[in-house]
Amino acid sequence: MSDNAGQGADSAPNIVIAIDGPAASGKSSTAHWVARRLGYFHLDSGALYRALTAAQLRRQIPPDDWTIAQLLALAPTVTYLPTGKTFMPHIDGVPVEQELRGSEVTQHVSRAARLQRVRQWVNEQVRLAARGRNVVVDGRDMGTVVFPDAALKVFLIADPWERARRRLVQQLGYHPTDTEIAEETDRLVQRDSRDATQSAQASDAVLIDTTYLTQEEQVERIVALARAVTHRPGATSAVDEPPRRT
Ligand code: DC
């Protein structure tokens with residue numbers, strides 16, 4: 001892996017941009033594009049909760065019987081490794097991506113995510129990945145718990161109906177009916193309540209309501225905020241900027 005602009009050196013100052021928000025608020029795709037624009041690494045903390053959940057689901061233990069000991073015993077089989085400008089969870093050394101987005105993982109991941117020791121493990125993986133690198137990291141508690149000193153904290157929100165609609169367009173590839181959106185809205189609101197205890201807006205986060213914004217506009221706003229913060233005198237400047245793609 002090549003770490004350019006000195007970002008691989010542990011001693012290098014690093015910039016953290018933390019993007020938090022509820023399920024389907026567009027955090028990960030926005031974080032991905034913000035990272036691309038700034039030439040930073042993108043870390044999706046939710047993917048680690050999903051990977052541990054996927055590893056446990058592979059063991060075919062009924063979710064009601066899951067224990068913290070089982071999950072912690074599986075943690076060493078899940079590694080978080082750099083792939084280009086992102087970090088990808090691996091299970092037993094094999095990268096996992098599609099499996100993490102499946103409905104089974106989505107349905108059960110909050111069981112793992114509410115366990116404090118699992119959270120400590122995820123937070124440690126994310127901090128290690130960020131060490132010495134400029135990163136855009138997304139999740140629920142990146143600005144509050146994991147990177148309280150982040151250079152920029154953003155909390156994304158959007159109307160549940162709009163979040164549901166976007167999620168379905170992404171998953172189905174066609175425009176969903178109102179009935180489909182209503183059902184997905186119910187599922188999202190339930191997920192919001194399951195995740196509520198670990199999801200918080202930092203008091204110094206910039207709140208962005210994306211209900212009426214395109215993804216390009218969201219990315220543009222965050223990039224502008226990041227530039228304002230990182231170009232302050234004394235701050236480390238942003239690094240290599242790849243050609244813009246939207
Ligand atoms: O963002 P996501 O849907 O991939 O998150 C998957 C699950 O992990 C969801 O239940 C919320 C939880 N999560 C969390 O509790 N803290 C984070 N930093 C990231 C995700």
Side-chain angles (χ1 to χ4, degrees), residues 16-35 41-57 63 66 68 71-72 74-75 78 80 86-89 91 95-130 135-148 150 153-158 160 162-164 166-168 170-171 184-202 205 210 215 218:
V16 176
I17 296 173
I19 303 181
D20 290 306
S25 57
K27 298 179 303 289
S28 287
S29 47
T30 301
H32 167 84
W33 284 110
V34 171
F41 276 80
H42 172 216
L43 310 178
D44 169 3
S45 60
L48 278 165
Y49 290 103
R50 287 174 178 271
L52 192 61
T53 304
Q56 174 75 347
L57 283 167
W66 290 6
I68 174 90
L71 288 162
L72 291 176
L74 277 178
V78 177
Y80 198 39
T86 187
F87 271 66
M88 192 175 286
I91 300 177
V96 273
E97 203 169 14
Q98 286 305 104
E99 185 182 346
L100 304 189
R101 306 291 145 198
S103 58
E104 226 195 332
V105 169
T106 299
Q107 192 187 338
H108 296 296
V109 60
S110 57
R111 288 173 191 269
R114 63 175 167 248
L115 300 170
Q116 204 46 40
R117 285 174 66 196
V118 168
R119 302 195 69 76
Q120 284 165 1
W121 171 78
V122 168
N123 295 350
E124 194 186 328
Q125 308 310 306
V126 175
R127 286 196 192 102
L128 280 172
V135 295
V136 180
V137 56
D138 72 86
R140 300 293 194 287
D141 54 353
M142 295 298 107
T144 48
V145 175
V146 186
F147 298 105
K153 301 176 188 177
V154 174
F155 199 82
L156 292 182
I157 55 166
E162 177 59 16
R163 285 192 278 139
R166 288 178 191 166
R167 162 85 21 125
L168 287 174
Q170 194 181 41
Q171 276 174 358
E184 182 65 16
T185 303
D186 279 350
R187 284 191 287 271
L188 268 184
V189 170
Q190 281 172 29
R191 277 190 68 197
D192 285 350
S193 71
R194 287 202 295 270
D195 293 338
T197 49
Q198 53 256 18
S199 185
Q201 181 185 344
T210 72
Q215 189 181 70
Q218 298 170 37

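Values below: every heavy atom of this structure, side chains too, minus hydrogens, waters and symmetry copies. As the structure is a computational prediction, the values presented were derived from the model and not from experiment. Remember, it's 1-based here, ligands and their atoms both numbered in the order they're listed.
- Looking at residues two or more places apart in sequence or on another chain, you find no salt bridge (Lys or Arg N to Asp or Glu O under 4.0 Å) involving Arg191.
- The closest side-chain donor-acceptor pair between Ser28 and Asp138 falls under 3.5 angstrom.
- You'll find the side chain of Ser199 reaches within 4.5 Å of the side chain of Phe155, heavy atoms only.
- Not a single side chain to side chain donor-acceptor pair (under 3.5 Å) links Asn123 to another residue, sequence neighbours left out.
- Closer than 4.0 angstrom to ligand 1 lie heavy atoms from Lys27, Ser45, Gly46, Tyr49, Arg50, Arg101, Val109, Ser110, Ala113, Arg119, Gly139, Arg140, Asp141, Met142, Arg191, Asp195, Gln198.
- If you check the side chains of Arg163 and Thr185, you find no donor sitting under 3.5 Å from an acceptor.
- Not counting sequence neighbours, Arg114 has no partner by the salt bridge (Lys or Arg N to Asp or Glu O under 4.0 Å) test.
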